[in-house]
Amino acid sequence: MGGGGSTRRVTFEADENENITVVKGVRLSDSVIDRMKESSSPGGRAQQRSASGAANDEELKKRIAEELALERARRDSEAQKRRLKQEQMYARDEIGKILDRERISSNEHLTRAILRERAATEEERQKAERFARQLEEKDRELKKHDAYYKEQLARLEERSAQFYKVTTEQYQKAADEVSARFK
């Protein structure tokens with residue numbers, strides 16, 4: 001940049017107020033415009049060209065080309081800065097999106113783990129309730145069996161007492177008969 005001459009041709013014209021205007025849309029800094037005004041004389045451009053000759057025109061063209069090259073370099077630098085900022089913003093946005101996705105994913109995993117744990121806890125609670133009901137049922141069954149066997153035992157004891165009484169009476173009767181016979 002700036003080392004080689006510009007291949008673009010730029011033509012300048014002076015308006016009525018001696019202000020320099022740019023043809024073909026090239027923007028110039030105030031310092032370039034001031035230098036161009038200084039190089040032009042109050043008598044007009046034709047007198048200056050004839051007096052100073054082609055050397056001033058070449059110097060002016062060289063200075064304008066340098067200013068244009070500097071301006072172009074500044075614009076390119078600003079454009080690069082803007083692109084860099086845009087890329088940084090894009091990268092931040094992408095990183096933010098990735099972080100959001102990761103946060104959502106971890107929240108989903110955590111939520112699933114909590115739900116699995118709740119389901120397991122609920123299943124364990126239901127098992128405990130089922131076992132408690134089964135234990136109560138077995139306890140009732142054992143109490144029924146206990147009552148039944150106590151009743152059976154009481155019947156057997158009553159029957160045994162009746163047999164004992166009958167047997168004792170029969171024994172007493174037989175003993176009395178034997179004793180009455182042998183007396």
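Being a predicted model, the structure only gives us computed values, none of them experimental. Note that these values count all heavy atoms, side chains included, but never hydrogens, waters or copies made by symmetry. Heads up: numbering here begins at 1 and tracks the sequence.
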TODO: Measure the spacing between CD of Gln88 and CD of Gln86 and express it to the nearest 0.5 Å.
DONE: 11.0 Å
TODO: Have a look at Ser77 and tell me which of Arg74, Lys81, Arg75 forms a side chain to side chain contact (heavy atoms under 4.5 Å, CB included) with it.
DONE: Lys81
Open item on the list: One thing to verify: whether Glu177 and Lys173 come together as a salt bridge, which I'm taking to mean a side-chain N less than 4.0 angstrom from a carboxylate O.
Closed with: no
TODO: Mind listing the closest non-hydrogen atom pair of Gln80 and Arg83 along with its distance?
DONE: CG-NH2, 3.0 Å
TODO: In plain terms, say whether Lys150 and Asp146 are close enough for a salt bridge, that is, a side-chain N and a carboxylate O under 4.0 Å apart.
DONE: yes
Open item on the list: Can you tell me how far apart CD (Glu59) and CD1 (Ile64) are? Round to the nearest 0.5 Å.
Closed with: 11.0 Å
Task: Distance (rounded to the nearest 0.5 Å) between Ser106 OG and Leu99 CG - done: 10.5 Å
Open item on the list: Salt bridge or not between Glu129 and Arg125? Use side-chain N to carboxylate O under 4.0 Å.
Closed with: yes
- [ ] Answer yes or no: is there a side-chain heavy-atom contact under 4.5 Å between Lys97 and Glu94?
- [x] yes
Open item on the list: Any heavy-atom pair between the side chains of Arg155 and Gln152 that's under 4.5 Å?
Closed with: yes
- [ ] Mind checking the CG-NZ spacing from Leu142 to Lys138? Nearest 0.5 Å is all I need.
- [x] 8.0 Å
Task: Side-chain donor or acceptor of Thr121 paired with backbone N/O of Glu117 under 3.5 Å - done: yes
TODO: Tell me, yes or no, whether the heavy-atom count around Arg112 atom CZ, taken from other residues, nucleotides or ligands under 6.0 Å, exceeds 12.
DONE: yes
TODO: Measure the NZ-CD distance between Lys127 and Gln134 for me, rounded to the nearest 0.5 Å.
DONE: 12.0 Å
Task: NZ/NE/NH1/NH2 to OD/OE distance under 4.0 Å, Arg118 and Glu122 - done: no
Open item on the list: Could you measure the distance from the CZ atom of Phe163 to the OG1 atom of Thr168? Nearest 0.5 Å is fine.
Closed with: 12.5 Å
